[in-house]
Amino acid sequence: MLFDTLRTIFSGGTVDLASIVMQILAVLFVIFCILPVHEYAHGKVALKLGDPTAKNMGRLTLNPLASIDPMGALFILLFGFGWAKPVMVDPRYFKKPKRDMALVSLAGPVSNLLAALAGAFVYNLILVIFKSVPLFIGIFFMYYIVINVSLAVFNLIPIPPLDGSKILAAFLPDRVLYKFYRYQNVFMMVLMLLLFSGILDYPLSIFDSAVQTGVMWLASLPFRLFGLF
């Protein structure tokens, strides 16, 4: 994301201004329009499973002001991954707490994947209608899809407090689960160190690339079925 662009500039490299502008616009769109959907998805699924906490706290909304975390938004802008203000969930309302918490947690990353899929579909639709896509629009959609996929993959990492940890928790015995959450702050510190050291760059890039390929394939499928590609 912008961190790589800034590093290129400070090292004396050249960058394309139009690409930077469209990258920033894509990030801002995700922050103000998609992150609220991510948190709304958590709250909506929780409500469906019996937990009204998000609704009672006024978090069952698409208003970006309710969801934006300044530091998390800055991380998305700089590094392509980050977070929003988490929706509060009370598992005591759930009939099957572990399973239902896993479903609530899964809803967030799924919303990002659906957002990426919708963006890829719109890109293909523009391509079919106009036979070509202007470069700056193509750059916007590229970053939009990449950011959403990166957020989904990042949130599925099974380390507290990320969504993936709550999905993993559904499969852990209570004894192990207690220790798992007892050291969640340590796990998160280790995760941040791994991210900033670059150790996770390669494995995350593999997952990101695989998911992006799947998203683009699914988005093009309707057009290929109708012989438009």
Thr213 side chain vs Ser209 backbone, donor-acceptor pair below 3.5 Å
yes

Identify the two heavy atoms, one from Pro222 and one from Phe121, that lie closest to each other, and give their separation to 0.1 Å.
CG-CE1, 4.3 Å

Hey, does the side chain of Tyr144 reach the backbone of Ala115 with a donor-acceptor pair shorter than 3.5 angstrom?
yes

Above 12 or not: heavy atoms from other molecules or residues under 6.0 Å from CE of Met189?
no

Could you state the interatomic distance from CE (Met71) to NZ (Lys85), rounded to the nearest 0.5 Å?
13.5 Å

Below 4.5 Å, heavy atoms only, C-beta onward: do Pro86 and His42 meet side chain to side chain?
no

Hydrophobic cluster identity match, Val45 and Met101, side-chain contacts under 4.5 Å:
yes

Ala120 versus Val215, closest heavy-atom pair with distance
CB-CG1, 4.2 Å

Of all heavy-atom pairs linking Ala84 and Ser67, the shortest is CB-O, 3.1 Å

Considering non-hydrogen atoms only, spot the tightest contact between Ile157 and Leu204 and give its length.
CD1-CD2, 4.0 Å

So do Ile68 and Leu35 actually touch side chain to side chain, heavy atoms under 4.5 Å?
no

Could you give the distance from CG (Asp90) to CG (Asp51), rounded to the nearest 0.5 Å?
5.5 Å

Please check if Leu127 and Leu225 belong to a single hydrophobic cluster, counting links between Ile, Leu, Val, Met, Phe, Trp and Tyr side chain heavy atoms closer than 4.5 Å.
yes

Working to the nearest 0.5 angstrom, can you tell me the gap between Trp217 CH2 and Arg224 CZ?
6.0 Å

Which pair of heavy atoms, one from Ser165 and one from Ile159, lies closest together, and at what distance?
CB-C, 3.5 Å

Do Ile145 and Ile31 share a hydrophobic cluster (ILVMFWY, side-chain heavy atoms under 4.5 Å, transitive)?
yes

Measure the shortest side-chain to side-chain distance between Arg59 and Tyr40 over non-hydrogen atoms and say whether it is less than 4.5 angstrom.
no

Give a yes or no answer on whether the side chain of Ser197 reaches the backbone of Leu194 with a donor-acceptor pair at less than 3.5 Å.
yes

Can you name the closest pair of heavy atoms from Pro52 and Leu47 and give their distance?
CA-CD1, 3.8 Å

Could you grab the distance from atom OG of Ser19 to atom CZ of Phe136, nearest 0.5 Å is fine?
13.0 Å

Hey, are Thr61 and Asn63 close enough side-chain-wise for a donor-acceptor pair under 3.5 Å?
no

Between Asp69 (side chain) and Gly72 (backbone), is there a donor-acceptor pair under 3.5 Å?
yes

Carefully, step by step, assess Phe187 and Leu191 under the rule side-chain contact (heavy atoms from CB on, under 4.5 Å).
CA-CA 6 Å; Phe187 289 143; Leu191 173 63; over 6 Å; no

Are there over 12 heavy-atom neighbours, none belonging to Phe207, within less than 6.0 Å of that residue's CZ?
no

With distance as the sole test, does Ser111 use its side chain to make a donor-acceptor pair with the main-chain N or O of Gly108 at under 3.5 Å?
yes

Can you measure from CD1 (Ile147) to CD1 (Ile34) and round to the nearest 0.5 angstrom?
10.5 Å

Is any side-chain heavy atom of Thr53 less than 4.5 Å from a side-chain heavy atom of Val89?
no

Check whether any side-chain heavy atom of Pro203 sits under 4.5 Å from a side-chain heavy atom of Leu200, and report yes or no.
yes

Under the side-chain contact (heavy atoms from CB on, under 4.5 Å) criterion, do Tyr143 and Leu25 qualify, and how do the steps go?
CA-CA 9 Å; Tyr143 280 117; Leu25 289 177; over 6 Å; no

Before giving the answer on side-chain contact (heavy atoms from CB on, under 4.5 Å), spell out for Val146 and Gln212 the whole-Å C-alpha distance, their side-chain angles and the decisive distance to 0.1 Å.
CA-CA 7 Å; Val146 166; Gln212 288 168 30; 3.9 Å; yes

Has Glu39 got a side-chain atom pairing as donor or acceptor with Val87's backbone, closer than 3.5 angstrom?
yes

Without swapping roles, check the side chain of Lys166 against the backbone of Pro161 for a donor-acceptor pair under 3.5 Å.
yes

Please tell me if the side chains of Val104 and Phe94 come closer than 4.5 Å, counting only heavy atoms from C-beta onward.
yes

Close side-chain approach of Met57 and Met88, heavy atoms under 4.5 Å:
yes

dist Leu151:CG -> Leu113:CG (nearest 0.5 Å) comes out at 10.0 Å

Can you spot which of Asn112, Leu162, Val110, Ile167 makes a side chain to side chain contact (heavy atoms under 4.5 Å, CB included) with Leu156?
Ile167

Check whether Leu117 and Val122 end up in the same hydrophobic cluster, where Ile, Leu, Val, Met, Phe, Trp and Tyr are linked by side-chain heavy atoms less than 4.5 Å apart.
yes

Do Asp100 and Lys48 touch side chain to side chain, with heavy atoms closer than 4.5 Å?
no

Quick one: sort the Phe29 and Phe140 rings into parallel, tilted or perpendicular, breaks at 30° and 60°.
perpendicular

Is Lys98 salt-bridged to Asp174, cutoff N-O under 4.0 Å?
yes

Verdict with reasoning, Leu106 to Asp163, per side-chain contact (heavy atoms from CB on, under 4.5 Å)
CA-CA 7 Å; Leu106 184 61; Asp163 294 326; over 6 Å; no

Any link between Tyr202 and Val153 through a network of hydrophobic side chains (Ile, Leu, Val, Met, Phe, Trp, Tyr) touching at under 4.5 Å?
no

